[in-house]
Number of protein chains: 4
Amino acid sequence: MTQKLSIGLIGAGRIGKVHAQSIANQVADAEIVRVADALPDAAAAIGRQYNIPFSDNYKDVLQDDGVKAILICSSTDTHAQMMIEAAAAGKHIFCEKPIDHDLSRIDAALSAVERAGVKLMVGFNRRFDLNFQKVKETISSGAIGEPHLLKITSRDPAPPPISYIKVSGGLFMDMTIHDFDMARFLFGEVEEVFATGGVLVDPAIGEAGDIDTAIITLKFANGAMGTIDNSRQAVYGYDQRVEAFGSEGMVDIKNNLPNTHAFYGADGVVSEKPLYFFLERYMDAYGREMAAFVDCVVHDKPSPVTGQDGRAPVVIAMAALKSLQENRPVKLIEIS
Amino acid sequence: MTQKLSIGLIGAGRIGKVHAQSIANQVADAEIVRVADALPDAAAAIGRQYNIPFSDNYKDVLQDDGVKAILICSSTDTHAQMMIEAAAAGKHIFCEKPIDHDLSRIDAALSAVERAGVKLMVGFNRRFDLNFQKVKETISSGAIGEPHLLKITSRDPAPPPISYIKVSGGLFMDMTIHDFDMARFLFGEVEEVFATGGVLVDPAIGEAGDIDTAIITLKFANGAMGTIDNSRQAVYGYDQRVEAFGSEGMVDIKNNLPNTHAFYGADGVVSEKPLYFFLERYMDAYGREMAAFVDCVVHDKPSPVTGQDGRAPVVIAMAALKSLQENRPVKLIEIS
Amino acid sequence: MTQKLSIGLIGAGRIGKVHAQSIANQVADAEIVRVADALPDAAAAIGRQYNIPFSDNYKDVLQDDGVKAILICSSTDTHAQMMIEAAAAGKHIFCEKPIDHDLSRIDAALSAVERAGVKLMVGFNRRFDLNFQKVKETISSGAIGEPHLLKITSRDPAPPPISYIKVSGGLFMDMTIHDFDMARFLFGEVEEVFATGGVLVDPAIGEAGDIDTAIITLKFANGAMGTIDNSRQAVYGYDQRVEAFGSEGMVDIKNNLPNTHAFYGADGVVSEKPLYFFLERYMDAYGREMAAFVDCVVHDKPSPVTGQDGRAPVVIAMAALKSLQENRPVKLIEIS
Amino acid sequence: MTQKLSIGLIGAGRIGKVHAQSIANQVADAEIVRVADALPDAAAAIGRQYNIPFSDNYKDVLQDDGVKAILICSSTDTHAQMMIEAAAAGKHIFCEKPIDHDLSRIDAALSAVERAGVKLMVGFNRRFDLNFQKVKETISSGAIGEPHLLKITSRDPAPPPISYIKVSGGLFMDMTIHDFDMARFLFGEVEEVFATGGVLVDPAIGEAGDIDTAIITLKFANGAMGTIDNSRQAVYGYDQRVEAFGSEGMVDIKNNLPNTHAFYGADGVVSEKPLYFFLERYMDAYGREMAAFVDCVVHDKPSPVTGQDGRAPVVIAMAALKSLQENRPVKLIEIS
């Protein structure tokens, strides 16, 4: 048997734990060998669970010669710097989305990665979900013909804490960025954005300078059009659907449900709400994502989600924000 | 334009009115020209609505030379005698199901029809429903391959009055007879029946000598098997489904709904119950049924539901009753 | 029995025939008593079918004292003038949508109606569809809480002839106008529109000066937002869906299907496409629409679709066209 | 942290591997510490994967003092003897279904377990599936009222090899036994069985003395009735559904699908077939099953699937076979 890929984990919060678990359970040819988190307790918890060294200093991970690849799961503002250092240390990199909120910092990080010749994969997990993959396959197979219309619905079950909202980069950068990535994944490059939004869920979100509800229109380079609708609060759960319409047909996906039951009673037919939480909804996708990262490193394959794939949705999010602020369509070319 | 087919209506109750309305609205080349009902008021109501002669004596309809075809919508115990007289009068006949509860009376009526050379069609309306027709087409096309298993679910929204139960001929003759017909329509001749049943809905039904819940197993001449489940009371409405399974696949149909809405709330997803009443569910089928009868008479086509199609389900119902009483499978050949 | 409402039909084309049939079959207290169409053969066909006087001059209908109400089913450019004349003649008016493509002509017609004190109902048939009505009821009941997001999908099975496109008033005035009406019906007044569109289905449509595919963003007076997507060609049939999302939940409707069957084979599960044609899809709604018109006239009730309901979607369509041409959001207040 | 439950695995075939994987990935407080399989290579494969001792002799597992509980995943004919020896050795026991094909051997094994006072759980995995559990919960909550009718559909995607058929104990003992267990799980004790069956899939199955298609009617002690339909080959995949109908409503479950997509094209709407294989379908249930076993041992809780739960479906299967052979309903009381 070939040696397992030794991975260092930076950031032992919610998503870091998810990736560690995926690797332990679903990725036979990799293992987490070291962990760091600025919060010593968080690092220790993971360290003890997997019986691996832990510290509160990410540089310990980068300086470990046994570490061949790293997972950057820390806060967004640390991503770019860590990428630069990891690249310098010759480590392959998996980085959570978004790379950064600032294009120049993103570009610096991508340059460092390119110079170092290490692998970089950005964590757009939905690309690895079986439903979205089926939509992608159906479009790629030509079954819908020429793409005409794309509809993405993306709604959270409940807003995050206001403290999080304040550092999130805003709805477009924090939440819609997944949808912007999905739009590119399915229909290709975006050229122009028109965004409208409002504070309909919680006034505190507005006081924090953000919106909680939005509709965004996209114009694609291939002439197709798209619409995304977002809400920070769908009381019936996590609502993640897509519909791709073209000259020869349409493909759509529905939400995943906790079970398939329906109750038929005198008052109507009652069935299950969608899975409530993104971790339930995408747990399997996270596993496939990690497997894809390990596969790309171990077998020297191209990254399935490149640095450019990480940068482009940030540009769209910036254009969307500008559109919202100026109430006009904004071309991506206007952004730097 | 060719002359319209002149039809006499015998029996101006619920089903008689349905057929009169279908002919007026959906069957361009026929018209009701005379009506009779033992209840003078019922006959008068229809007569005045369509501005046609009416009486309380069915012989008035049979003796009207202008009447070319009749609809027998009176009570079951009158069907056979009226068929014999109508045949003697040279009228084409549409007869509601069942023809009779007694085989010798059925046979006498069918002989009379045959001797007279008039058309006879028996009112198994579900054969004209678009859903059941699609199942039939799918099976006939060979899509499911060799038929293996047939599952028919047939449940009423609420039991009829006990007074009706007493004269109904029993669950099998009154309600399951539609399912026995459907089984033959879809999978061909039945050879053996095993029936089990009970009084689970209302003890008064048991006191009236009937059952209200049943499961019937069928063995078909072609080696396939079937199961029918019946209940006199499904609180969620009229439940009419079928599933046909074979070597190459399965075809099923679901219930028709009053609308396609779903409400997604914090407590689950709520959608509509099936249409509650058989008239709502099968109104369109009744129209197609009348059109088929008129077409067979006007264009001298074979009857789509023959006298034999009317007799056979009665035999199955009798076998089912015997099976229930003796708690053993009964071959149809045992029923003379 | 009270006397039936005597209705004159102006315009004996496709939609005129539909209304005549609805009245004959489904509206017991009204009857068509006279018909006119600029094409004598069209008028004659209806006239002979219902055995009523016919002519090629609509003034014959207006001058008939026996006519109490009229249906204006002629070409759009004739609507306003006929409304003015009908009002002057004291006839109640049902007018097909849109009233006109020109606001000043609409306003003149509405003024004439108001002065004459006759009833006016505009033919937005979808308001009478059981699915859309259920969405309306669900919203009105408060079940979805405060309205946040409205999504309307409206796609035709195939484009009309180019000759029709040229006189149609364009996609927004001809097709989206139904969706603009539905948006108002469900979420109330619209304040701002942003439209994007393209020629993706057939270049000949572009050569005729129109578009065939569009996404429109709406901002409502109540702060909610909406998105409409249109295509002139959905190869799978007539696609008419809506989804209304609010603080307490979501309600949606799906397409109506010709039957409920599904075939489960080795290659997947195949079920029916939506009903292909708007007449199949909305036949029942047309019947309810006529019944509602007759009810409002006979029982002196308020019109369920007023002149203002006819005017407002025209304003939205004009704003949408301006938005498309200028690639910017347009406030309705900009349209005088 | 408490010590993990040390489990010995006997039988390293397909199902043994599944349980080992479940324990490794999903059951934090247990671990496989030793494995045996009559096939040395099979034992070695698991042994090396988990870095644990392995041998070709199950007695090595039973004699290991460190082993506190065992999983019996070997062939059915070995179950009873191993249970007796394991009980004597004081090991808690998880045994795959069926315990045995012979009632006296089952009874001997159950007696040994009872005398030894060890835990016994029988592997009816479907009881741990989220769909079936929801049906159970719905019935237990009283939502369907009094149970009236139970419909279980259970069809395999393809028949096993004829060599397996010959030693399987027959369709009822091998395949329907799951459905008999499910019937008891949902509706309680069965009193009488009527079975009909045939060889419709593959004549070789008939030559091996078995049937491949069946319909079974059940009468429950509570007066309810049930029907089970089985096929060894559903070309569209593994078909596992249930429908429970009662005085106050119905609950059903559908199949699980690999994804939620649908493609809407000119030829219809195509969606996914059910998951093809039972391991895909029930992987999650197997994990929950192992967790339940470990929980019952570690926390000294009652077994969720007792020895009696293992015995009863065998009795029903024997009655079903007798019914098939004698073509008559058979009471369970006839089976000693």
Side-chain angles (χ1 to χ4, degrees), chain A residues 1 21-28 45 48-49 129-139 141-145 186 240-272 274-275 280-281 283-285 287, chain D residues 1 21-28 48-49 128-139 141-145 186 240-272 274-275 280-281 283-285 287:
Chain A
M1 201 167 95
Q21 182 182 336
S22 289
I23 289 170
N25 291 352
Q26 296 177 249
V27 187
R48 290 196 185 104
Q49 181 179 355
D129 174 75
L130 293 179
N131 293 333
F132 289 104
Q133 285 196 333
K134 186 70 187 182
V135 174
K136 171 72 169 177
E137 283 169 33
T138 305
I139 296 170
S141 75
I144 72 162
L186 296 176
Q240 300 274 301
R241 288 170 288 146
V242 71
E243 177 180 318
F245 172 86
S247 58
E248 302 299 329
M250 173 172 74
V251 59
D252 71 7
I253 54 173
K254 295 93 194 169
N255 284 303
N256 287 5
L257 308 179
N259 62 60
T260 64
H261 103 285
F263 173 72
Y264 305 72
D267 297 328
V269 179
V270 184
S271 55
E272 290 289 337
L275 290 171
E280 295 170 274
R281 172 68 179 82
M283 199 64 207
D284 177 63
Chain D
M1 204 166 91
Q21 183 183 334
S22 290
I23 289 170
N25 290 354
Q26 295 178 249
V27 187
R48 292 199 183 100
Q49 182 179 353
F128 301 91
D129 175 75
L130 294 178
N131 292 332
F132 289 104
Q133 286 197 332
K134 185 72 187 181
V135 174
K136 171 73 169 175
E137 283 169 34
T138 304
I139 295 171
S141 75
I144 71 161
L186 297 175
Q240 299 275 301
R241 288 170 287 146
V242 71
E243 177 179 318
F245 172 86
S247 57
E248 302 299 328
M250 174 173 74
V251 58
D252 71 6
I253 54 172
K254 294 94 192 169
N255 284 303
N256 287 4
L257 309 179
N259 63 62
T260 66
H261 102 286
F263 173 72
Y264 305 73
D267 297 327
V269 179
V270 184
S271 54
E272 289 290 337
L275 291 171
E280 296 170 274
R281 173 67 180 83
M283 200 63 209
D284 178 63

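These numbers come from the heavy atoms of this one structure, side chains and all, not from hydrogens, waters or symmetry mates. In what follows, every chain begins at residue 1, and chains take the letters A, B, ... in the order their sequences are listed.
Your options are D:Glu248, D:Glu243, D:Lys134, and the one with the most heavy-atom pairs under 4.5 Å with chain A is D:Lys134. In terms of heavy-atom pairs under 4.5 Å with chain D, the best-connected choice from A:Asn25, A:Val251, A:Leu130, A:Asn259 is A:Asn25. With respect to chain D, the highest number of heavy-atom pairs below 4.5 Å among A:Asp252, A:Asn256, A:Val135, A:Ile253 belongs to A:Asp252.
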Checklist entry - Please walk me through it: do A:Thr260 and D:Asn255 pass side chain to side chain contact (heavy atoms under 4.5 Å, CB included)? => result CA-CA 7 Å; A:Thr260 64; D:Asn255 284 303; over 6 Å; no
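For A:Glu272, the part lying under 4.5 angstrom from a heavy atom of chain D is the side chain only. Both the backbone and the side chain of A:Lys254 come within contact range of chain D, each with at least one heavy atom under 4.5 Å from a heavy atom of that chain. Neither the backbone nor the side chain of D:Leu257 comes within contact range of chain A; no heavy atoms are under 4.5 Å apart.
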